[in-house]
Amino acid sequence: MMQILVIHGPNLNLLGTREPGVYGSQTLAQIDAGLAEMAAVAGIELKSFQSNHEGALVDRIQAAGSDGCQFIIINPAAYTHTSVAMVDALAAVALPFVEVHLSNIHKRESFRHHSFFSARADGVICGLGAQGYQLALAYALEKLKRPV
Ligand SMILES: O=C(O)[C@]1(O)C=C(c2cccc(Sc3ccccc3)c2)[C@@H](O)[C@H](O)C1
C-alpha cells in the first residue's frame, strides 16, 4: 500500500495544551487521526512520527527512504530555522515533501521568517492551523494519483 509519512518536530507533542491562539486547540493525536482517516479513504497508509530530538528526526527521514514511503509532510517546528541536518536527510532520500506550519511564521518573530526547508519543498503551507496538514495531504494524494 502506498505510504505517506507525517513528521512533527520538537514540542508539537504538547500541542493543544497551551497557546491555542497561536497553534490551535487540537492535539497532535487528533490531527494525526484526522489525517489517517483522510488517507485511508484514498487507500493510502499514513504514518506519523514526532520527536524532540534532531537526530531521531534525521533517522526517521532516512528510514523513509527504504520503508515504502512515497511522500513526506513535515512540520519541523523550531528545527525549521536551524536544521541543515534534517534538510540534508530529506535531500538524501529524495522524497517529495510539503512543509507545514500551524502559525504564520512570517507574521511572527524575525528569527522564524527563515526556513532551511522551504527551498527544497514542493510547497509551504503556514498560518492555517491544523487545516494546513489536511491541505498538504490533499496535495500529496493528488500527486501520488497523477505523478508527473
Ligand atoms: O507554526 C508552527 O507550526 C511552527 O513550526 C511551530 C513552532 C512551535 C514552537 C513551540 C511550540 C510548538 S508546539 C506547542 C504550542 C503550544 C504549547 C506547547 C507546544 C511549536 C515554532 O517553533 C515554529 O517557528 C513554527
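One-based numbering, in listed order, for ligands and for the atoms of each.
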Let me know which of R120, H101, H106, E99 forms a side chain to side chain donor-acceptor pair (under 3.5 Å) with S115.
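Only one of R120, H101, H106, E99 forms a side chain to side chain donor-acceptor pair (under 3.5 Å) with S115, namely E99.
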
Are H81 and Y79 close enough that their ring centers fall under 6.0 Å?
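Judged by ring-centre distance (under 6.0 Å), H81 and Y79 do not meet the cut-off.
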
Name the residues with a heavy atom less than 4.0 Å from ligand 1?
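If the criterion is a heavy atom under 4.0 Å, then ligand 1 touches N11, L12, L14, L15, R18, E19, Y23, N75, A77, A78, H81, H101, L102, S103, I105, R112.
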
Other residues, nucleotides and ligands only: do more than 12 of their heavy atoms fall within 6.0 Å of CD on Q3?
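Yes.
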
Greater than 12 external heavy atoms within 6.0 Å of E142's CD:
yes

Can you list everything that forms a side-chain hydrogen bond (donor to acceptor under 3.5 Å, both in side chains) with T27? Sequence neighbours excluded, please.
Q30

So which heavy atom on H8 is nearest to which on D32, and how close?
NE2-OD1, 2.8 Å

